[in-house]
Amino acid sequence: MSYAKAREELIRQIVAIELDMFVNVKSAEPAACQQMPRTFKAMRRMSHSAWSLETLSSYLHDLQIAAQAGRNLITEKYARMDNLIPPINQNPVIQCIVAVESGWIKELHEKYPLSVKCDERFEVYALAELETYSDTT
């Protein structure tokens with residue numbers, strides 16, 4: 001299998017598991033976005049398209065292990081965003097990654113204010129997302 005096909009297959013498998021987790025998030029009120037699986041899939045495919053084959057493989061493994069253990073990483077991410085549960089992963093690298101990404105977002109917002117939003121929700125989302133990844137990922 002070519003490198004490109006291997007990446008596409010990993011992304012397909014990742015997004016399928018993430019979508020299953022996403023639509024099974026239990027909340028007081030179902031989110032409107034849970035009724036838009038095509039949009040979810042497109043956004044997640046885009047997010048993962050920049051990742052290396054090694055990172056994609058590691059994250060797929062994270063998702064598979066979580067699913068086998070009955071964990072829903074998307075539920076955990078949203079619970080962290082709402083500060084309903086304690087940190088899932090306290091690796092200090094996570095804070096470093098979020099600081100760098102926040103700097104990029106701020107820089108992009110300054111250059112393209114009508115195209116790129118810059119608010120505190122980015123950091124909350126990024127922290128919660130990264131906490132669901134294993135240290136290997």
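All residue numbers in this chain count up from 1 along the given sequence. Model, not experiment: these values are computed from the prediction. Basis for what follows: all heavy atoms, side chains included, without hydrogens, waters or symmetry-related copies.
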TODO: Starting from the C-alpha separation in whole Å, work towards a yes-or-no answer on side-chain contact (heavy atoms from CB on, under 4.5 Å) for Gln13 and Gln64.
DONE: CA-CA 10 Å; Gln13 290 179 48; Gln64 291 167 334; 4.3 Å; yes
TODO: Could you list all the salt bridge (charged side-chain N to carboxylate O under 4.0 Å, His left out) pairs where at least one residue sits in residues 63-72, not counting sequence neighbours?
DONE: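 Every pair satisfying salt bridge (charged side-chain N to carboxylate O under 4.0 Å, His left out) with a residue in residues 63-72: Arg71-Glu76.
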Residues forming a side chain to side chain donor-acceptor pair (under 3.5 Å) with [X], sequence neighbours excluded:
X: Ser134; value: Asp62, Thr137
X: Ser2; value: none
X: Asp119; value: Arg121

A side-chain contact here means heavy atoms from C-beta on lying under 4.5 Å apart; do [X] and [Y] qualify?
X: Ile17; Y: Leu60; answer: yes
X: Arg80; Y: Leu127; answer: no
X: Met21; Y: Leu63; answer: yes
X: Lys26; Y: Thr75; answer: no

With sequence neighbours left out, write down each residue that passes side chain to side chain contact (heavy atoms under 4.5 Å, CB included) with [X], or none if nothing qualifies.
X: Arg12; value: Glu9
X: Ala6; value: Met1, Leu53
X: Asp20; value: Asn24

Where at least one partner belongs to [range], residue pairs that pass ring pair (Phe, Tyr, Trp, His ring centres under 6.0 Å), sequence neighbours excluded:
range: residues 15-40; result: Phe22-Phe40
range: residues 71-94; result: none
range: residues 106-137; result: Trp51-Tyr133, Tyr59-Tyr133

- [ ] Examine the side chains of Ser58 and Thr55 and answer whether a donor and an acceptor come within less than 3.5 Å of each other.
- [x]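 Looking only at side-chain atoms, Thr55 and Ser58 do not form any donor-acceptor pair under 3.5 Å.
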Open item on the list: Determine whether a donor-acceptor pair (N or O, by modelled atom type, separation under 3.5 Å) exists between the side chain of Asn72 and the backbone of Ile74.
Closed with: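 Judged by distance alone, yes, a pair lies under 3.5 Å.
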TODO: Would you name the heavy atoms of Ile11 and Ser49 that are closest together and state the gap between them?
DONE: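 Nearest pair, atom of Ile11 first, then Ser49: CD1-CA, 4.0 Å.
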Task: Which atom of Ile105 lies closest to which atom of Val116, heavy atoms considered - done: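 Shortest heavy-atom contact: O-CG1, 4.0 Å.
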Task: Qualifying side chain to side chain donor-acceptor pair (under 3.5 Å) pairs, either residue in residues 93-107, two or more places apart - done: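 Found Ser102-Glu123.
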Task: Straight-line distance of Ile85 CD1 to Glu131 CD, nearest 0.5 Å - done: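 If we round to the nearest 0.5 Å, Ile85:CD1 and Glu131:CD are 8.0 Å apart.
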Task: Shared hydrophobic cluster, Val98 / Val93 (ILVMFWY, side-chain heavy atoms < 4.5 Å) - done: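 Hydrophobic grouping puts Val98 with Val93.
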Task: same_hphob_cluster(Val23, Leu73) at 4.5 Å side-chain heavy-atom cutoff - done: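 Yes, it is one cluster - the side chains of Val23 and Leu73 are joined through contacts under 4.5 Å.
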- [ ] Can you sort out the partners of Arg44 under salt bridge (charged side-chain N to carboxylate O under 4.0 Å, His left out), two or more places apart, ordered by chain and number?
- [x]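 Salt bridge (charged side-chain N to carboxylate O under 4.0 Å, His left out) check on Arg44 returns Glu18, Glu129.
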